Number of protein chains: 2
Amino acid sequence: MSRTDTPRRGGRQGRAGIRDVAAAAGVSITTVSDALNGKGRLPDATRRHVREVAERLGYRPSAAARTLRTGKSGLIGLTVTTYGDEPFTFTEFAYFAEMARAATSAALARGYALVILPATSRHDVWSNVALDGTVVIDPSDQDPVVTELVRQGLPVVSDGRPAGTLPVTAWVDNDHRAAVLDLLDHLAAAGARRIGLLTGTTTDTYTRLSTTAYLHWCERVGQDPVYESYPAHDPCAGAVAADRLLARPDRPDAVYGLFDPNGTDLLAAARRYGLRVPEDLLLVCCSESTVYATTEPPITTLSLKPRRIGTAVVQLLIDAIEGVTHDGPVEQVIPTELIVRTSSQRRPPRTTVSAPRSPAGD
Amino acid sequence: MSRTDTPRRGGRQGRAGIRDVAAAAGVSITTVSDALNGKGRLPDATRRHVREVAERLGYRPSAAARTLRTGKSGLIGLTVTTYGDEPFTFTEFAYFAEMARAATSAALARGYALVILPATSRHDVWSNVALDGTVVIDPSDQDPVVTELVRQGLPVVSDGRPAGTLPVTAWVDNDHRAAVLDLLDHLAAAGARRIGLLTGTTTDTYTRLSTTAYLHWCERVGQDPVYESYPAHDPCAGAVAADRLLARPDRPDAVYGLFDPNGTDLLAAARRYGLRVPEDLLLVCCSESTVYATTEPPITTLSLKPRRIGTAVVQLLIDAIEGVTHDGPVEQVIPTELIVRTSSQRRPPRTTVSAPRSPAGD
DNA sequence: CTCGTTGACAGGTACGTTTTTGCATGATCA
DNA sequence: TGATCATGCAAAAACGTACCTGTCAACGAG
């Protein structure tokens with residue numbers, strides 16, 4: 001009477017295993033595995049029979065056992081910068097949401113699922129999930145998470161050019177420098193004489209590259225830089241900084257805002273100072289939000305194409321996982337898109353003009 | 001000497017296993033497991049020694065093996081409605097992003113990670129990942145995914161009251177009916193004589209409950225319903241519907257828009273018809289976006305508090321996973337919040353008034 | 001008649017843990 | 001002194017799958 005009760009530890013209480021299917025179908029475990037996975041040499045009759053019995057028993061293979069045996073989990077990590085404490089900044093919401101959505105779709109289409117993980121290097125979360133690879137958003141220099149993952153031999157693809165000598169498998173990014181220069185040229189062509197910048201105090205690559213591109217442009221055309229910085233994670237600070245920028249004695253006649261809410265912030269500040277847009281002030285901001293199509297006036301935005309980035313990142317990662325090896329890190333640059341609206345055109349056009357890029361296909 | 005070559009299948013090529021740690025530390029496998037997991041009765045010296053050796057070898061336990069053995073994966077599914085084909089509607093972006101963010105944080109805080117999964121019942125994705133439970137967003141009646149999960153004995157918690165007799169473990173939702181009635185009373189108190197509604201053609205619970213609440217309210221106060229419906233997933237259709245609503249002969253003097261972009265859409269339409277907000281038209285829309293704080297004028301919004309919903313859903317799910325059993329489905333109603341701004345106040349206040357709530361902490 | 005050959009399956013092992021059980025060893029107590 | 005007991009650890013059994021290595025029959029070729 002010592003071991004009458006073996007209550008099937010391991011959570012799958014009562015669930016049918018491959019062994020039960022084999023018994024019910026009158027074949028061996030090997031045959032069941034081969035029949036369900038389309039391997040081995042089995043007559044179609046046996047294959048059908050096994051499949052039918054498995055269906056009848058409601059058999060679902062154990063993902064854990066399969067992963068343990070094959071070494072592939074079908075899971076991809078998606079690392080969000082500083083998720084644990086203060087989640088990713090509010091200003092990146094639309095960008096992140098779209099990027100994650102595209103990444104999820106792309107992964108699912110190839111049979112993988114996405115796991116959201118924090119950028120903290122606390123092992124107790126990371127080591128609890130078997131990953132085949134990881135997407136890292138905007139990794140910092142010497143990122144401990146990336147280093148650890150690479151040490152484990154896992155492929156890592158980053159959204160954003162890796163700083164320093166971070167050994168990522170591949171990366172995808174925009175050409176932020178070219179985007180900013182292009183955009184400033186656009187404003188100058190619309191008649192801007194002094195272009196201001198609303199930027200962030202953070203040191204991430206996007207902010208840094210964009211700001212230095214602005215400074216270079218100013219130097220090239222011989223304009224004094226006019227900019228205000230604020231901590232991008234604080235939505236209120238953005239409104240204050242926008243106000244400061246327009247309150248300056250050397251007030252710019254055009255402004256580019258690096259972050260999503262800057263458009264409405266600048267618009268509100270312009271109203272406070274009685275500045276008409278675009279007559280007195282040209283406006284552009286970097287955003288993925290569609291609200292800027294219906295503001296008064298509609299605001300020109302720079303889109304970083306997060307959908308394409310999310311898709312590309314996942315494709316590269318899965319390629320690496322499935323053994324499509326390249327030599328050296330693979331780099332892929334996604335073009336940005338300037339969506340020109342009323343706010344950046346000195347003489348209002350008859351129709352709202354979009355940039356002459358590929359119109360469809362995202 | 002027949003099996004000299006066992007090239008360590010299973011992906012962890014070269015990775016140190018618990019057996020290697022045991023050998024290096026001169027103890028048994030059991031001792032290593034106990035030392036690292038804080039179980040068993042070991043002197044601190046042994047425990048430290050084993051931990052140090054494990055650290056030196058860079059040992060990381062295999063999540064797959066642990067899951068197989070314990071039956072717990074530490075993974076929670078997050079099911080997004082109709083993700084595969086056309087991802088979740090653009091109008092729900094901010095809501096979903098915030099909800100998912102809160103859910104992720106709450107899960108991580110309790111040692112779980114979130115896996116994003118599609119609502120399609122294709123087994124090949126679902127069966128590849130070992131889940132401890134699942135969060136389902138707005139499940140449809142007789143949802144096949146939920147049914148299958150429950151059949152497998154997994155706890156399921158839904159965001160949104162389950163329709164019909166869907167056997168979820170627990171659910172969290174707002175009281176949409178009360179929120180709409182409250183909001184309409186607010187508009188009436190501000191002087192609205194005829195309140196219009198911008199609603200959707202979809203049959204999801206949120207749209208349905210909100211619309212019927214509106215109709216009930218109209219009946220109660222003796223007002224003829226004035227509403228326009230449009231497919232919420234099409235952002236352009238929203239602008240058209242807003243225009244239609246204000247072009248009607250029985251034009252309303254106040255409008256509530258059910259979806260996030262309706263605020264800017266209605267504002268644009270009002271400008272086209274020369275209507276001043278709030279003097280000629282009162283405006284409220286349901287949104288989680290902060291842009292409505294800086295539009296001209298700022299627009300009153302109804303927040304569904306997705307952060308609190310995401311947190312609550314995950315807490316309930318993990319409680320169920322970890323054996324905190326309740327009898328019958330657990331229901332939790334999260335209060336909504338009406339953030340009153342200029343657009344719904346007939347006599348403009350001296351300062352922009354925010355709702356009298358706790359200013360910080362969500 | 002024997003001998004490879006091929007088809008159709010079964011046996012058994014390994015994946016890397018956790019956990020139960022059990023065996024020594026020394027200390028404590030009747 | 002012998003019985004009892006706590007302590008410190010090891011052996012071994014799972015967990016459920018995938019795959020490698022047979023085995024056995026049938027069968028045509030030599």
Side-chain angles (χ1 to χ4, degrees), chain A residues 2-3 5-23 25-50 54 57 59-74 127-130 152, chain B residues 2-3 5-23 25-50 54 57 59-74 127-130 152:
Chain A
S2 65
R3 46 183 28 210
D5 48 351
T6 46
R8 292 295 222 96
R9 266 184 317 279
R12 302 170 50 92
Q13 302 117 329
R15 288 267 307 280
I18 197 175
R19 151 177 34 240
D20 304 309
V21 177
V27 295
S28 79
I29 291 179
T30 308
T31 304
V32 174
S33 178
D34 284 349
L36 295 181
N37 295 339
K39 303 196 171 179
R41 337 166 270 202
L42 300 179
D44 279 355
T46 307
R47 227 174 265 275
R48 267 200 311 274
H49 177 228
V50 169
L57 295 187
Y59 166 71
R60 298 276 174 272
S62 151
R66 187 200 300 268
T67 299
L68 177 59
R69 180 63 231 244
T70 63
K72 296 290 169 206
S73 66
S127 68
N128 257 332
V129 39
Q152 290 185 27
Chain B
S2 65
R3 41 186 30 187
D5 50 349
T6 45
R8 293 297 222 97
R9 267 184 315 279
R12 302 169 53 91
Q13 301 117 326
R15 286 267 306 280
I18 197 175
R19 145 179 39 237
D20 304 309
V21 177
V27 295
S28 78
I29 292 179
T30 308
T31 304
V32 175
S33 178
D34 284 349
L36 295 180
N37 295 340
K39 302 197 171 178
R41 324 166 284 202
L42 299 179
D44 279 354
T46 308
R47 228 175 266 273
R48 268 199 312 273
H49 176 228
V50 169
L57 295 186
Y59 167 70
R60 298 277 174 272
S62 152
R66 187 200 300 267
T67 299
L68 177 59
R69 178 63 230 235
T70 63
K72 297 288 169 207
S73 66
S127 68
N128 257 333
V129 40
Q152 289 184 27

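The structure presented is a predicted model; accordingly, all values stated were derived computationally and were not measured. Note on naming: letters A, B, ... go to the chains in the order of the sequence lines (proteins, then strands), and numbering restarts at 1 for each one. Side chains included, hydrogens not; waters and symmetry mates left out as well; all remaining heavy atoms used.
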So, does the side chain of A:T30 form a donor-acceptor pair with the base of C:dG11 at under 3.5 Å? yes

May I ask you to say what B:S33 touches in the nucleic acid, namely base, sugar-phosphate or nothing, with a heavy-atom cut-off under 4.0 Å? base

Return the 5'-most residue of the pair A:S28, B:D34 with respect to DNA chain C, ranking by each residue's nearest nucleotide. A:S28

Does A:S73 reach the main-chain N or O of A:A130 with its side chain, forming a donor-acceptor pair under 3.5 Å? yes

Separation of atom CG in A:L36 from atom P in D:dC19, rounded to whole Å: 13 Å

Are a donor atom and an acceptor atom from the side chains of A:T30 and A:S33 found within less than 3.5 Å of each other? no

Rounded to the Å, how far apart are B:L68 CG and D:dA13 P? 17 Å

Nearest-Å distance, CZ (A:R19) to C1' (C:dG11)? 14 Å

Verify the contact: side-chain N or O of A:K39 to OP1 or OP2 of D:dA18, cut-off strictly under 4.0 Å; return yes or no. no

Rounded interatomic separation in angstrom, taking CZ from B:R69 and P from C:dC15: 17 Å

Distance check, rounded to the nearest 0.5 Å: A:R47 atom CZ versus A:D44 atom CG? 7.0 Å

Could you tell me whether the side chain of B:R41 has a donor or acceptor atom within less than 3.5 Å of a complementary atom in the base of D:dA6? no

Length of the line joining A:Y59:OH and D:dG16:P, which is rounded to integer Å: 10 Å

Reckon B:I29 touches a base, only the sugar-phosphate, or nothing at all at heavy-atom distances under 4.0 Å? base

For B:N37 and B:R66, which heavy atoms make the closest approach, and how far apart are they? OD1-NH1, 4.3 Å

Separation of D:dT17 atom C1' from A:D20 atom CG, nearest Å, is 13 Å

Rounded to whole angstroms, how far apart are CG on B:L42 and C1' on D:dT7? 10 Å

Side-chain contact check for B:A65: nearest option of C:dC9, C:dA14, C:dT17 is C:dT17

Using the side-chain heavy atoms of B:I18, tell me which of these nucleotides is nearest: D:dA18, C:dG16, C:dT17. C:dT17

Side chain of B:P43: nearest nucleotide among C:dC15, D:dA18, D:dG8? D:dG8

Going from CZ on B:R69 to OG on B:S62, what distance comes out if it is rounded to the nearest 0.5 angstrom? 13.5 Å

To the side chain of A:T31, which of D:dC19, D:dA10, C:dA10 is closest? C:dA10

Once you round it to whole Å, what is the distance between C1' of D:dT17 and NZ of A:K72? 17 Å

Under 4.0 angstrom between A:T67 side-chain N/O and C:dC15 OP1 or OP2: no

